[in-house]
Undergrad: 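My structure is below; once you've seen it, I'll send some questions.
The structure presented is a predicted model; accordingly, all values stated were derived computationally and were not measured. Values below: every heavy atom of this structure, side chains too, minus hydrogens, waters and symmetry copies. Residue numbers start at 1 and run along the sequence shown.
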Amino acid sequence: MDSYNPARTKNVFLYVPNLIGYSRVIMMFAALYYLPHHTRTAGALYSISCLLDAADGNAARYFKQTSRFGAVLDMVTDRSTTSCLLVYLSLTFPRLTLLFQTLIALDLSSHYLQMYSSLILGAGSHKNVDPKKTSWLLRQYYTNNLVLFLVCAGNELFFISLYLLGTWHVDIAKRGGSLEKLGVPSGYSAVAAAGAGLGRSNLTYLPEGEGPGYLGVMALVVLTFPVCALKQFLNVVQLVGACRNLAHQDRIAAEKAQKGN
């Protein structure tokens, strides 16, 4: 019996990039498990999951193991990971809940429509865009791997930095055993405490203060915000373009139907 070789297997489910995709899903659930209480551990796991997003694409090209299943797995994992983090950001910053809900809806709808229109046009992936039917900006995003990586990484880094920023004071207090002094009940999650505003008026009890780490996270939020804004703009461009492509296909189908009658 031949030994299993993932680089040569014909089983799509066992392709190397898809195996990386499964590990991303595992990392995502691990991050979600730690998000309410262990913010820095969750941030690290979430970041690793996002970095693996670049690895699966490189593996697919290196091993020549591109597949429709892999493309959908990649997109669904991306959308699920980001959406779950935005849910936690809604808990951390309850006044911005509508904004985060809008971002979730925009992300899901734009990528679903892009995927659907791509399949209608015969493309194997939502990233395989037609230069004649796609805006210049979206072409750069999907055809330049460096641009794609930097935009996606910057977008996710903004969200995870914002999450760490919002829960920073509660996390430090928890590490220093000062939760009670901040008015945070025992067992209360850092996310819920931050969202309820507990401890913000009592920062003098923090054993380490805000510290340089806090300033570093704040700098990341500021630096990556323009990238996040660009990503949302690209989602809008993608949504509009996909809708136009679908409408164009509907018009062609209607014209064919009229000629047939």
Side-chain angles (χ1 to χ4, degrees), residues 1-31 44-85 107-157 160 227 230-231 234-235 237-239 241-242 244-246 248-249:
M1 183 176 180
D2 295 334
S3 60
Y4 166 67
N5 187 336
R8 297 181 180 179
T9 182
K10 295 182 180 180
N11 188 335
V12 174
F13 294 111
L14 297 179
Y15 278 3
V16 174
N18 294 341
L19 294 177
I20 296 175
Y22 304 147
S23 68
R24 289 189 62 208
V25 174
I26 294 173
M27 296 294 284
M28 178 190 73
F29 279 108
L45 291 170
Y46 187 92
S47 299
I48 294 172
S49 175
C50 292
L51 287 174
L52 287 174
D53 187 24
D56 62 2
N58 290 328
R61 289 185 289 272
Y62 180 81
F63 292 108
K64 295 180 174 57
Q65 292 182 333
T66 57
S67 63
R68 290 187 176 88
F69 170 75
V72 174
L73 174 65
D74 180 63
M75 189 195 74
V76 170
T77 303
D78 288 341
R79 307 287 69 77
S80 300
T81 303
T82 304
S83 297
C84 289
L85 180 57
D107 193 44
L108 293 176
S109 58
S110 65
H111 282 83
Y112 174 79
L113 284 167
Q114 177 68 12
M115 173 66 80
Y116 188 78
S117 65
S118 297
L119 294 176
I120 292 295
L121 295 172
S125 168
H126 66 291
K127 296 179 181 179
N128 298 334
V129 295
D130 186 343
K132 297 180 180 179
K133 300 179 181 179
T134 310
S135 69
W136 178 86
L137 188 60
L138 201 60
R139 286 202 307 274
Q140 297 304 309
Y141 175 66
Y142 275 133
T143 60
N144 189 316
N145 291 328
L146 179 60
V147 173
L148 179 64
F149 172 77
L150 291 177
V151 173
C152 290
N155 181 65
E156 297 300 330
L157 187 57
I160 195 64
V227 182
L230 173 62
K231 180 65 168 67
L234 286 169
N235 282 344
V237 173
Q238 179 173 248
L239 177 68
R244 288 178 174 175
N245 287 338
L246 288 174
H248 178 68
Q249 293 301 313

Undergrad: From Ser80 OG over to Leu85 CG, what is the distance, rounded to the nearest 0.5 angstrom?
TA: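 Reported to 0.5 Å precision, the distance equals 12.5 Å.
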
Undergrad: Measuring from Asp74:CG to Arg79:CZ, what's the distance to the nearest 0.5 Å?
TA: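 That separation rounds to 8.5 Å.
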
Undergrad: How close do Ser23 and Leu52 get, counting heavy atoms only, and between which atoms?
TA: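 Looking at all heavy atoms of both residues, the closest pair is OG-CD1, 3.6 Å.
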
Undergrad: Applying side chain to side chain donor-acceptor pair (under 3.5 Å), can you list everything that pairs with Asn155, at least two apart in sequence or on another chain?
TA: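 Checked Asn155 against side chain to side chain donor-acceptor pair (under 3.5 Å); matches are Gln232.
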
Undergrad: Who passes side chain to side chain contact (heavy atoms under 4.5 Å, CB included) against Leu150, sequence neighbours left out?
TA: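 So Leu150 forms a side chain to side chain contact (heavy atoms under 4.5 Å, CB included) with Leu146.
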
Undergrad: For the atom pair CG (Leu138) and OG1 (Thr143), what is the distance rounded to the nearest 0.5 Å?
TA: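 Atom-to-atom, Leu138:CG and Thr143:OG1 are 9.0 Å apart.
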
Undergrad: Of the non-hydrogen atoms in Asn18 and Ser67, which two are nearest, and what is the gap between them?
TA: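 So the minimum-distance heavy-atom pair works out to ND2-OG, 3.8 Å.
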
Undergrad: So with a 6.0 Å cut-off around CZ of Phe69, is the heavy-atom count from everything else above 12?
TA: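 Yes, because the 6.0 Å sphere around CZ of Phe69 holds more than 12 heavy atoms from other groups.
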
Undergrad: Specify the closest pair of heavy atoms between Leu246 and Leu113, including all atoms of both residues, with the distance to one decimal.
TA: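 That closest heavy-atom pairing would be CD1-CD2, 3.7 Å.
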
Undergrad: Taking atom CG of Leu119 and atom CZ of Arg68, what is their separation to the nearest 0.5 Å?
TA: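 Spacing of CG (Leu119) from CZ (Arg68) equals 7.5 Å.
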
Undergrad: Determine whether a donor-acceptor pair (N or O, by modelled atom type, separation under 3.5 Å) exists between the side chain of Ser110 and the backbone of Asp107.
TA: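 Yes; judged by distance alone, with no hydrogens or angles, the pair exists.
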
Undergrad: Is the backbone N or O of Phe13 less than 3.5 Å from a side-chain atom of Tyr22, with the two atoms forming a donor-acceptor pair by type?
TA: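 It does hold such a pair.
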
Undergrad: Does CZ belonging to Arg244 count more than 12 external heavy atoms closer than 6.0 Å?
TA: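 No, CZ of Arg244 has 12 or fewer neighbouring heavy atoms, counting only those of other groups under 6.0 Å.
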
Undergrad: Applying side chain to side chain donor-acceptor pair (under 3.5 Å), can you list everything that pairs with Ser49, at least two apart in sequence or on another chain?
TA: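 Ser49: no side chain to side chain donor-acceptor pair (under 3.5 Å) contacts found.
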
Undergrad: Under 6.0 Å from the CZ atom of Phe63, do we count more than 12 heavy atoms belonging to anything else shown?
TA: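 Yes.
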
Undergrad: Report the C-alpha distance between Asp78 and His111 in whole Å, list the side-chain angles of each, state the deciding distance to 0.1 Å, and finish with yes or no for side chain to side chain contact (heavy atoms under 4.5 Å, CB included).
TA: CA-CA 10 Å; Asp78 288 341; His111 282 83; over 6 Å; no

Undergrad: Mind listing the closest non-hydrogen atom pair of Asp56 and Pro17 along with its distance?
TA: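 Minimum heavy-atom contact is O-CB, 3.3 Å.
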
Undergrad: Checking Val12 against Gln65 for the side chain to side chain contact (heavy atoms under 4.5 Å, CB included) test, could you report, in this order, the C-alpha distance in whole Å, the side-chain angles of both residues, the deciding distance, and whether it holds?
TA: CA-CA 8 Å; Val12 174; Gln65 292 182 333; over 6 Å; no

Undergrad: Which pair of heavy atoms, one from Thr77 and one from Leu73, lies closest together, and at what distance?
TA: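 Nearest heavy atoms, Thr77 then Leu73: OG1-O, 2.7 Å.
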
Undergrad: Could you tell me if the side chain of Asp53 sits less than 4.5 Å from the side chain of Glu156, heavy atoms only?
TA: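 A side-chain contact under 4.5 Å is absent here.
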
Undergrad: Drop me the distance from Ile160's CD1 to Leu45's CG, to the nearest 0.5 angstrom.
TA: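 Answer rounded to 0.5 Å: 9.5 Å.
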
Undergrad: Would you say that Tyr46 contacts Leu157 through its side chain, given a criterion of any heavy-atom pair below 4.5 Å between the two side chains?
TA: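 No. Closest side-chain heavy atoms not under 4.5 Å.
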
Undergrad: To the nearest 0.5 Å, what is the distance between CZ on Phe149 and CG on Asn144?
TA: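 Separation between the atoms: 12.5 Å.
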
Undergrad: So, Gln238 and Tyr141: side-chain donor and acceptor under 3.5 Å apart, yes or no?
TA: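 Gln238 vs Tyr141: no donor-acceptor pair found between side chains.
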
Undergrad: Within the 4.5 Å heavy-atom criterion, are His248 and Asn245 side-chain neighbours or not?
TA: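 His248 vs Asn245: side chains apart.
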
